[in-house]
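Heads up, the thing below is written out as C-alpha cells.
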There are 2 protein chains.
Amino acid sequence: MSTTTFFSALEAQATGATLATSDVLDAIPWNDAGLIPAIAQQHDSGEVLMMAWMNRTVLEESLTTGRVCYWSRSRGKPWRKGESSGQIQLLKEALLDCDGDTLLLKVDQTGPACHSGRRSCFYLHLEPQQSKVCSDPLIDPAELYANS
Amino acid sequence: MSTTTFFSALEAQATGATLATSDVLDAIPWNDAGLIPAIAQQHDSGEVLMMAWMNRTVLEESLTTGRVCYWSRSRGKPWRKGESSGQIQLLKEALLDCDGDTLLLKVDQTGPACHSGRRSCFYLHLEPQQSKVCSDPLIDPAELYANS
C-alpha cells in the first residue's frame, strides 16, 4: 500500500481504531535522508519548545524508553536530548499527522530546551517591519555546556 | 554575514532588542526549494494544529495581511489557508526559532485545520506496539470541500 493510500484510508477511522505501529512506521514518507520533523511541546503548559528531526531508529528508541532521542543532522548521529546539557525531555505522548510526515511530541522538558539557554527556541517575534527578541535565557549557555 | 553568524549573534541579545525584519528574512536558511516549515498553534488553547511550508513571499504576505498563507508543495503555488474549505487562519503572532529554520505561527483557526475535518492534523497516537486514532472529524470532509 502506498503512503498516500495508507494515510487516506486512516482518515475514515473513528477514535479508538488501532493499528500496528510497525505498519505506521513503514508508511511514513521519510525524506531522502530518512528523517521527518518532530515538534516538541511541553505537555502541560502547551508551550512549543523546539523542532528537530527523527529517523525510524530514534523514534522507536524514544517510544520505547520514554526519553526523547533526535537525529542530529549536523553531527550525523543520534542526539539524546540533554546528553551534554543535562536538560532532558521525557516523552509523554507522540502523535503523527494526517499525511504521516510530521511528529508532535508532548514532552516534559527539564529547564531550557534551547541551546541559547532559553526555555523555547522560538524567541524572535516577527512583525512586517521590525522583529524583536521576546525571551531571555534561563541559564547562561556557557554554564549549560560547561561539562560537555 | 552568514546565516550561522547572524543567528549566533542574536542569541546574546536581551528581550526587547529589535532588528529589521528584512535582515532576518535575508538570513533565514531557506531550503533548496526556498521553503521553511511553519508550525500552526491555536493562540489561546495552545493546541498544535498542523505543520506546513512557507517561502519568503507568503511569509511576508501573512505578516502584512494577518491571514496565514502557506506554500503548497503539491500544487506549487500559494495556499491561502481556507480558500477552498472556508476554514481560515488569522495570524496572531509569528516567531522564528534560534537557528532561523522553523516558524511558529500563533493563529486563530476557524473550525478544523485538518483536511480530514479534524480540528488538528495530529490525530494518530503512537505507542511502541500499537497506534490509535485519537480524534474524530468536526465536519465531514465531503461537506468541507463541497463548494471547491
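Since the structure is predicted, the reported quantities are computational estimates derived from the model, not experimental observations. Below, chain A is the first sequence line, B the second, and so on; all start at residue 1.
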Handout entry: Best-contacting candidate, E47(B), Q13(B), M50(B), against chain A by heavy atom pairs under 4.5 angstrom
Key = Q13(B)
Exercise for the section: Considering non-hydrogen atoms only, spot the tightest contact between T18(A) and K132(B) and give its length. Expected result: CG2-CE, 3.8 Å
Problem - Hydrophobic cluster identity match, L90(B) and L105(B), side-chain contacts under 4.5 Å - result: no
Exercise for the section: For W79(B), enumerate each residue passing the ring-ring contact (aromatic ring centres under 6.0 Å, His included) test, keeping only those at least two apart in sequence or located in another chain. Expected result: Y70(B)
Practice task
Determine whether T15(B) and Y123(A) make a side-chain contact, defined as any pair of heavy atoms from C-beta on separated by less than 4.5 Å.
Solution key: no
Handout entry: Heavy-atom side-chain contact between L103(B) and F122(A) under 4.5 Å
Key = no
Problem - Contacting region of C114(A) [heavy-atom separation from chain B under 4.5 Å] - result: side chain
Handout entry: Portion of V48(A) that has a non-hydrogen atom of chain B nearer than 4.5 angstrom
Key = both
Exercise for the section: Answer whether the closest heavy-atom distance between the side chains of T102(B) and I39(A) falls below 4.5 Å. Expected result: no
Practice task
Could you tell me whether the side chain of Q41(B) and the main chain of G46(A) form a donor-acceptor pair under 3.5 Å?
Solution key: yes
Fill in the blank from the handout: Residues at least two apart in sequence or cross-chain that pass side-chain contact (heavy atoms from CB on, under 4.5 Å) with T4(B), listed by chain then number, are S2(B), S8(B)
Handout entry: Residue selection (most heavy-atom pairs with chain A, distance under 4.5 Å) from A20(B), G16(B), S45(B)
Key = G16(B)
Practice task
Keeping the roles fixed (side chain from T21(B), backbone from E127(A)), state whether a donor-acceptor pair exists under 3.5 Å.
Solution key: yes
Practice task
Mark yes when over 12 heavy atoms from residues, nucleotides or ligands other than Q129(A) sit less than 6.0 Å from its CD; otherwise mark no.
Solution key: no
Practice task
Sort L104(B) into side chain, backbone, both or neither according to what part of it lies under 4.5 angstrom from a heavy atom of chain A.
Solution key: both
Completion exercise
Per-residue tally against chain A (heavy atom, under 4.5 Å) across L59(B), L63(B), V24(B) peaks at L63(B)
Exercise for the section: Answer yes if V107(A) and I88(A) sit in the same cluster of Ile, Leu, Val, Met, Phe, Trp and Tyr residues linked by side chain heavy atoms under 4.5 Å apart, and no otherwise. Expected result: no
Practice task
Quick one: which residue pairs count as a side-chain hydrogen bond (donor to acceptor under 3.5 Å, both in side chains) with a foot in residues 25-35 of chain A, not counting sequence neighbours?
Solution key: D26(A)-R56(A)
Handout entry: Choice from P137(A), A12(A), S62(A), S135(A) maximising heavy atom contacts with chain B below 4.5 Å
Key = S135(A)
Exercise for the section: Taking heavy atoms only and a threshold strictly under 4.5 Å, list by residue number the residues of residues 91-101 of chain A that touch chain B; give 'none' if the list is empty. Expected result: E93(A), A94(A), L95(A), L96(A), D97(A), C98(A), D101(A)
Practice task
Determine, using the 4.5 Å side-chain heavy-atom cutoff (strictly less than), whether L49(A) and W53(A) are members of one ILVMFWY cluster.
Solution key: yes
Exercise for the section: For residues P37(B) and M51(A), determine if any side-chain heavy atom of one lies less than 4.5 Å from a side-chain heavy atom of the other. Expected result: yes
Fill in the blank from the handout: In terms of heavy-atom pairs under 4.5 Å with chain A, the winner among D23(B), D136(B), V133(B) is V133(B)
